[in-house]
Amino acid sequence: MCGIVGYIGKREASPILLEGLKRLEYRGYDSAGVAVLKDDALTIKKHKGRVTDLAKNASAHGLSGMLGISHTRWATHGAVTEANAHPHVSHDGKIALVHNGVIENYLSIKKFLEGEGHTFASETDSEVFSNLIAYHYAKEPVDSPSRFLDSVRRTLSHIEGTYGIAVICTERPDELVGARKGSPLIVGIGADEYLLASDVSAIISRTSNVVYLNDGEIVSLKDGELNLLTSDEEIRTPEIQQIDWDIAESELGDYEHYMLKEIFDQPQALENAMRGRFSDDGSTAKFGGLNVSAQELRQVDRILLCACGTAWHACLVGEYLIERFARIPVEVEYASEFRYRNAPLDKNTLVLVISQSGETIDTLAALRESKRKGYKTLAINNSVGSTIARESDGGIYQHAGPEIGVASTKAFTSQLHILSMLALYLGRLRDMSYQDGINYVAALKQAPELVTETVKLNDEILEISKKYKDMSDCLFLGRQDMFPIALEGALKLKEISYIHAEGYPAAEMKHGPIALISAECPAIVLATQPDIHGKLLSNIQEVKARGAPVIAIANQSNPLPPELVDDQILIPDCHRAVLPVLASIPMQLLSYHIAKLRGCDVDKPRNLAKSVTVE
Ligand code: AGP
């Protein structure tokens, strides 16, 4: 998904636009561009590659002006080329636009515009956007003070698809226009300046005062004023919100990569997840923003957990936790599947979506589909003011701080911890005893310290990683609540090291995947549950018998016989309610070190982006 920034104010725009892009680069990084307007002269620089390359190029050419837009791309339509990089300028040179999203009817619009004599320089759908605005602009009354804004409004009525846009016009050097539908867009309100951005990380260094646009809204920033129009074209008084973290949290510090920083940030993230969220008697959890009463929750007879990617793995862990500790049936669905499945759910179903970014379009669509059918919807997410946060009936903020690395780590374990707290809360509304609640809370509170202990395995895991960095295939095996952790371990490895990796229920291996087992296909086995330790021992022997290396994750008090494994990582003993969090740490460190040893871009892996805001 792309990152966009717009600026209008009393300072030179280009350094602000480029700095903002750098902080959005985790959203997409195959090409970048910036356009700045001074008087009526538009200067544009585009570059295939990273924002830093663009910045060198741009600074060498001096971009002057106090109004501008910029963009970092994750290609949807059109190859990764300089011509396809944004900003896109209309054929008459008057309209420059940056776009995050997908226009589904761009071909028919392009055909119409070509019939009107428009010419195109790229293969993108976004260039159609700028030309359609130019088309309407040419037809608006020349002396109308809202000529530019009206031409954007008319254009949006013809667009099918999703967009977050920032637009400027060479004949309106005093106006910056933004609009959103399906892709996030915020307004930053600074001192004598306004910014538009895809998310807060691009503007946090300049202001913590933001306005979140809703779908269908359009904003004009002109003459020091912010004018916000709703989808019904009514003026809306902007609700100014404060960003709940500061720029320091998004700095890399002494770490080589954001992913490693965020792995080591996990104790703090877990503390943040628990802050102010236990009852006075210490026997249960409490949440301020659920907007669902205890009585309503006692009526719930099924919970549907919906998400994508790593957040979907968190849902799978949530299923084990809630069914084990609250005895409520749970169903887990990929958001992208649920939204089209038309699943028969009864009215006492509670839908809970999980999303770090709060902007993943499939998860947002599943949320909207659930609301359309009248279900109570909750969200666990890490982005205050995000679309999912604003559109769910209630929810739980993770407060894990910004997660910049594309591969999710602290957001994942924060989600697991919150799901565990939710299982406790629901359990104590039903059958869980006071004493069990007390013990559970004690276990949750101990988790940050246990994670601090576990990340100390970093050097040991680096040494193990050196042995396996050249493997081309790998199986991750686990049972019960460790099966989702096996899936997550496989996803971490494949998305940053590009090694083919698969996660399976350990018992399932003999029903097919065991054919993959060989000296070239190691197995990483999670053997951390005392109650099924013997079963996992059998699975390990099945792997060893076929000559495959075994890396085991086990408990300090219950290690595996050394002769049975090639390498073993021992995590601290802990309550079952926090075991998934601890078992995730070795997975994260193993994938991080293997990817780094392979020379991969750990924070910005190929083809990926941090927040998937297109279908
Ligand atoms: C995880 O490492 C990936 N970056 C990806 O699977 C991610 O979890 C998924 O896109 C969901 O993102 P969200 O939590 O922001 O909705």
Side-chain angles (χ1 to χ4, degrees), residues 1 3 24-29 74 182-184 198-201 257-260 262-263 266 269 305-318 332-339 352-368 379-389 391-392 395-398 400-416 418-419 476 484-485 487-498 501 503 584 587-592 595 600-615:
M1 309 334 95
L24 288 182
E25 217 175 2
Y26 66 98
R27 300 177 60 85
Y29 31 84
W74 183 84
S183 294
S198 300
D199 71 42
V200 294
S201 49
H257 297 105
Y258 278 105
M259 184 178 176
L260 189 62
E262 288 149 10
I263 290 171
Q266 290 179 109
L305 301 177
C306 243
C308 300
T310 284
W312 181 77
H313 296 151
C315 291
L316 289 175
V317 174
V332 175
E333 282 268 14
Y334 278 117
S336 54
E337 290 298 307
F338 174 76
R339 61 181 296 202
L352 170 61
V353 299
I354 300 179
S355 174
Q356 188 286 130
S357 62
E359 299 297 348
T360 298
I361 198 157
D362 285 323
T363 308
L364 178 59
L367 171 67
R368 288 173 173 168
I380 294 174
N381 99 90
N382 193 38
S383 309
V384 173
S386 62
T387 307
I388 286 176
E391 294 198 11
S392 50
I396 306 169
Y397 279 127
Q398 297 178 231
E403 186 177 69
I404 310 296
V406 166
S408 184
T409 49
K410 68 174 181 175
F412 175 62
T413 51
S414 160
Q415 288 160 5
L416 298 188
I418 286 170
L419 282 163
F476 288 75
I485 306 304
L487 292 174
E488 174 59 12
L491 176 63
K492 287 282 97 48
L493 185 65
K494 74 179 87 168
E495 70 176 326
I496 63 175
S497 72
Y498 318 141
S584 304
M587 301 283 132
Q588 296 166 351
L589 289 169
L590 205 58
S591 58
Y592 169 77
C600 298
D601 188 334
V602 171
D603 284 334
K604 300 188 188 79
R606 69 186 184 201
N607 306 339
L608 276 167
K610 184 63 181 172
S611 176
V612 183
T613 55
V614 292
E615 290 191 62

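For ligands, and for the atoms within them, numbers begin at 1 and follow the listed sequence.
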Does a donor on one side chain and an acceptor on the other come within less than 3.5 Å for [X] and [Y]?
X    : Y    : answer
D199 : S201 : yes
E488 : T310 : yes
T409 : Q588 : no
N381 : S355 : no

In terms of residue, atom name and distance, what is the protein heavy atom nearest to [atom]?
atom                    : answer
atom 7 (C) of ligand 1  : T310 N, 4.1 Å
atom 14 (O) of ligand 1 : Q356 N, 2.7 Å
atom 16 (O) of ligand 1 : T360 OG1, 2.5 Å
atom 4 (N) of ligand 1  : V406 O, 2.7 Å
atom 9 (C) of ligand 1  : C308 O, 3.8 Å
atom 3 (C) of ligand 1  : E495 OE1, 3.5 Å
atom 10 (O) of ligand 1 : V612 CG2, 3.9 Å

(Q) If the contact criterion is a heavy-atom separation under 4.0 Å, does E359 count as touching ligand 1? (A)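 The answer is no, since E359 has no heavy atom less than 4.0 Å from ligand 1.
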
Q.
For T387, is there any backbone N or O sitting under 3.5 Å from a side-chain donor or acceptor partner on E359?
A.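 Pair found, side chain donor or acceptor close to backbone of T387.
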
**Q.** Side-chain donor or acceptor of S383 paired with backbone N/O of Q356 under 3.5 Å
**A.** yes

Q. Which is closest to atom 6 (O) of ligand 1 in terms of heavy atoms, A335, S408, G309, S383?
A.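 Closest candidate by heavy-atom distance is G309.
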
Q. In terms of ring plane angle, is the pair H257 and Y592 parallel, tilted or perpendicular, where the classes change at 30° and 60°?
A. perpendicular

Q | Pair K410 + E403, salt bridge at N-O below 4.0 Å | A |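 Looking at E403 together with K410, the answer is no, because their closest N to O distance does not fall below 4.0 Å.
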
Q. What atoms in ligand 1 come closer than 4.0 Å to a heavy atom of A407?
A. 2 (O)

(Q) Which of the numbered atoms in ligand 1 are under 4.0 angstrom from any heavy atom belonging to K492? (A) 1 (C), 2 (O)

